[in-house]
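For reference, the structure discussed in these notes is given below.
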Amino acid sequence: MKVVRFHAPGDVRIEDAPEPTPGPTDVMIRVRACSTCGTDVKISRFGHHHIAPPRVMGHEIAGEITEVGADVTGWRPGDRVQVIAAIPCGTCAECRRGRMTVCPNQVSMGYHFDGGFAEHMVVPHNVLAVDGLNRIPEGLS
Ligand SMILES: [Zn+2]
Ligand SMILES: [Zn+2]
């Protein structure tokens with residue numbers, strides 16, 4: 001499959017990569033849309049202290065589930081989903097107070113995990129654990 005990988009500031013490449021393999025607590029999606037935002041432009045030019053290259057970029061992700069890990073419930077192939085970009089830990093004091101957006105332990109798609117500038121992407125269990133996979137309503141393209 002094709003991916004867009006960040007190698008270094010100013011060095012972003014379209015490359016061939018093997019399809020990823022989801023673990024038993026992960027979900028795999030076929031990416032149908034992944035936006036480029038200002039952060040992606042900044043990363044491509046200057047890098048980011050949370051990205052250890054090479055890394056598949058892209059964190060504004062929507063797609064369709066193609067595989068569901070054996071230990072995952074509530075999802076099935078064909079479900080249309082949006083994936084959160086920043087993933088809170090779900091267990092720290094801020095998260096337990098419902099303030100997940102200021103979780104100090106956040107990790108992110110396209111930073112700590114390979115992102116959505118790819119034909120297929122693993123949605124890691126970290127996303128599922130904090131309800132970060134959102135169903136796209138019927139009637140919404
Ligand atoms: Zn963004
Ligand atoms: Zn937290």
Side-chain angles (χ1 to χ4, degrees), residues 1-75 77-141:
M1 66 171 185
K2 296 284 186 199
V3 301
V4 175
R5 262 205 204 105
F6 172 82
H7 286 267
D11 183 4
V12 175
R13 306 176 201 165
I14 298 173
E15 298 179 321
D16 287 308
E19 272 189 29
T21 309
T25 56
D26 303 328
V27 159
M28 175 113 111
I29 65 169
R30 180 162 76 99
V31 177
R32 298 295 300 271
C34 188
S35 306
T36 303
C37 79
T39 303
D40 293 302
V41 176
K42 272 195 289 189
I43 291 167
S44 71
R45 290 183 185 160
F46 306 111
H48 192 282
H49 63 288
H50 284 159
I51 297 179
R55 175 63 74 203
V56 177
M57 299 176 66
H59 56 267
E60 322 273 1
I61 307 158
E64 186 180 297
I65 293 178
T66 54
E67 262 182 83
V68 176
D71 297 340
V72 175
T73 55
W75 298 102
D79 287 345
R80 300 181 325 129
V81 293
Q82 180 272 339
V83 185
I84 57 171
I87 309 159
C89 74
T91 57
C92 72
E94 297 291 2
C95 283
R96 287 199 310 272
R97 275 201 296 259
R99 295 161 42 113
M100 289 185 163
T101 54
V102 294
C103 170
N105 308 315
Q106 275 185 9
V107 290
S108 299
M109 298 306 299
Y111 293 61
H112 305 85
F113 303 98
D114 279 338
F117 289 165
E119 293 176 74
H120 299 271
M121 188 197 82
V122 168
V123 178
H125 64 91
N126 311 53
V127 169
L128 300 167
V130 294
D131 260 338
L133 195 58
N134 298 298
R135 203 173 291 277
I136 297 175
E138 288 301 317
L140 185 66
S141 68

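Both ligands and their constituent atoms are indexed starting at 1 by order of listing.
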For Arg32, is the CZ atom crowded, meaning more than 12 foreign heavy atoms sit under 6.0 Å from it? no
Tell me, which protein N/O/S atoms are under 2.8 Å away from the Zn ion (ligand 2)? Cys89 SG, Cys92 SG, Cys95 SG, Cys103 SG
Quick test of your reading: applying ring-ring contact (aromatic ring centres under 6.0 Å, His included), list the pairs with at least one residue in residues 14-48, sequence neighbours left out, ordered by first then second residue. His48-His50, His48-Tyr111
Would you indicate whether Arg45, at its atom CZ, is surrounded by more than 12 heavy atoms from other residues, nucleotides or ligands within a distance under 6.0 Å? no
What protein N/O/S atoms are found closer than 2.8 Å to the Zn ion (ligand 1)? Cys37 SG, His59 NE2, Glu60 OE2
Report, as yes or no, whether the 6.0 Å neighbourhood of atom CD1 on Ile14 holds more than 12 heavy atoms from other residues, nucleotides or ligands. no
So Pro20 and Met1, do their side chains get closer than 4.5 Å, heavy atoms only? yes
By salt bridge (charged side-chain N to carboxylate O under 4.0 Å, His left out) - contacts of Asp131 (at least two apart): none
Ignoring hydrogens and angles, tell me if any N or O in the side chain of Arg55 forms a donor-acceptor pair with the backbone of Gly110 under 3.5 Å. no
Between Asp114 (side chain) and Val56 (backbone), is there a donor-acceptor pair under 3.5 Å? yes
In the structure I gave you, are the side-chain heavy atoms of His59 and Cys37 within less than 4.5 Å of one another anywhere? yes
